Amino acid sequence: MLIRNKRGWELPDSAATSEAVFNDRRRLLKGLAAGPMLAGPILAGLGHLAPAFAADADPLAGLYPARRNARYPIDRPLTDEKFSTTYNNFYEFGPDKSISREAQALKVRPWAIKIDGLVEKPMTIDFDDLAKRMSLEERVYRHRCVEGWSMTVPWTGFPMAALVDLARPLGSARYVRMETFMDPQTAPEQRKFFYPWPYVEGLTIAEARNELSFLVTGLYGKTAPKQNGAPLRLAAPWKYGFKSIKSIVRFEFAEKRPVSYWEKLQASEYGFWANVNPEVPHPRWSQASERILGTDERRPTLMWNGYGEFVADLYKGLEKERLFA
Ligand SMILES: Nc1nc2c(c(=O)[nH]1)N[C@H]1C(S)=C(S)[C@@H](COP(=O)(O)O)O[C@H]1N2
Ligand SMILES: [Mo]
């Protein structure tokens with residue numbers, strides 16, 4: 001997408017640089033050859049000197065690590081944290097994968113979340129309050145990016161069904177539309193008016209209530225890093241990664257199907273459903289296999305990303321829809 005602008009966006013993973021080379025190059029570029037890669041640890045070490053940083057202290061730290069839910073077994077090793085937290089898609093902060101430092105500018109406290117639209121009583125809830133009223137658990141999920149790479153990570157969070165219950169949608173509601181924060185001062189790409197910010201994604205209510213739909217607050221037994229979508233992001237592991245919207249500020253219940261960010265940019269390539277299917281190629285590349293993040297290993301991609309037993313029934317009767325793009 002947007003190749004005419006010479007962007008790396010949504011190129012097939014085969015056109016990208018492997019993380020090892022990528023991290024080396026990045027370290028050189030940023031003059032950090034001997035130091036840690038993220039600003040976080042540096043700032044944390046200077047915490048006693050930087051009162052402003054204390055305001056960012058995490059009142060939820062005590063909720064981690066949460067008990068792991070063993071219902072979602074995994075057939076491959078966990079992706080090393082150093083890859084999944086430094087190789088990210090978060091286009092608000094930049095058009096390539098190396099946005100982990102830039103994303104530290106995001107202020108995640110206070111963080112208001114609006115729940116509105118077709119619900120019994122619209123509300124705004126503070127993220128900390130929401131997280132405290134939910135019961136957090138850890139789940140290891142596979143994540144398959146539409147570009148052809150994948151990772152396996154331990155998310156912490158709560159079932160999205162619990163948020164739907166809290167929202168109490170009206171009978172007329174059929175979809176949940178989710179929106180990422182909008183703050184061009186913090187997120188440089190949002191200053192580019194020709195992109196349809198804010199980032200938007202959506203699920204049917206049935207999908208949102210499916211047991212796999214997980215709202216993520218943490219990663220690797222800790223609060224989730226900003227670059228991975230703090231304070232609250234979705235993990236919908238049977239769908240391509242772009243459905244798993246980051247840094248959510250709004251859940252709007254609606255009768256009409258929402259149009260997502262990618263669909264607005266390129267409807268011919270990115271649709272509403274975006275379920276993983278190795279047999280349905282992206283218009284510009286195959287989806288038959290995936291590169292395992294942090295390695296040169298490729299594996300065959302699985303139908304529904306391996307989660308068919310949980311989700312295939314959701315799509316009975318919808319065969320005429322464009323379910324796999
Ligand atoms: N707001 C927002 N959410 C987003 C994106 C984004 O650019 N902005 N990228 C998506 C894509 S394409 C992927 S693959 C995943 C990446 O999540 P990760 O960085 O935790 O691996 O986030 C998804 N959620
Ligand atoms: Mo992605």
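Counting convention: from 1, in listed order, for ligands and their atoms alike. Values in this document were obtained by computation on a predicted structure and should not be read as measured data.
- In summary, the atoms of ligand 1 found under 4.0 Å from a heavy atom of Y91, numbered by their order in the structure, are 6 (C), 7 (O).
- Those atoms of ligand 1 with a heavy atom of C145 less than 4.0 angstrom away are 14 (S).
- By the criterion of a heavy-atom distance under 4.0 Å, neither the backbone nor the side chain of E201 is placed next to ligand 1.
- Considering backbone and side-chain atoms alike, W149 places every N or O at 3.5 Å or more from each N or O of ligand 1.
- Between the side chains of Q227 and Q104, at least one donor N or O lies within less than 3.5 Å of an accepting N or O.
- Between W304 and F324, a ring centre-to-centre spacing shorter than 6.0 Å is recorded.
- Near E92, meaning under 4.0 Å from one of its heavy atoms, ligand 1 places the atoms 1 (N), 2 (C), 6 (C), 7 (O), 8 (N).
- For ligand 1, the atoms lying closer than 4.0 Å to a non-hydrogen atom of F242 are 10 (C), 11 (C), 12 (S).
- At least one heavy atom of R233 lies less than 4.0 angstrom from ligand 1.
- Sorted by first and then second residue, the pairs that involve residues 240-249 and meet salt bridge (charged side-chain N to carboxylate O under 4.0 Å, His left out), not counting sequence neighbours, are E201-K243.
- When the shell of 6.0 Å around CZ of R298 is examined, it contains more than 12 heavy atoms from other residues, nucleotides or ligands.
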**Message:** Please evaluate residues R144 and E290 with respect to the criterion salt bridge (charged side-chain N to carboxylate O under 4.0 Å, His left out), reporting the C-alpha separation (whole Å), side-chain torsions for both, the decisive distance (0.1 Å), and the verdict.
**Reply:** CA-CA 8 Å; R144 171 60 158 80; E290 63 206 53; 3.2 Å; yes

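- Closest to atom 12 (S) of ligand 1 by heavy atom, among I245, T79, N89, T180, is N89.
- Contact annotation: for M151 versus ligand 1, heavy atoms closer than 4.0 Å belong to the side chain alone.
- Residue contact check: F90 has heavy atoms under 4.0 Å from atoms 1 (N), 6 (C), 7 (O), 8 (N) of ligand 1.
- By the 30° and 60° cut-offs, the orientation of the rings of Y199 relative to Y261 is parallel.
- Residue S84 has no nitrogen or oxygen atom sitting less than 3.5 Å from a nitrogen or oxygen atom of ligand 1, judged on distance alone.
- Only the side chain of H143 comes within 4.0 Å of ligand 1, counting heavy atoms alone; its backbone N, CA, C and O stay farther away.
- By the 3.5 Å distance cut-off applied to N or O atoms, W155 is not counted among the residues near ligand 1.
- Judged as a ring-ring contact (aromatic ring centres under 6.0 Å, His included), and not counting sequence neighbours, F158 has no contacts.
- Although no hydrogens or angles enter the test, the distance criterion places no donor-acceptor pair under 3.5 Å between the side chain of W149 and the main chain of P12.
- Aromatic ring centroids of Y175 and F272 lie under 6.0 Å apart.
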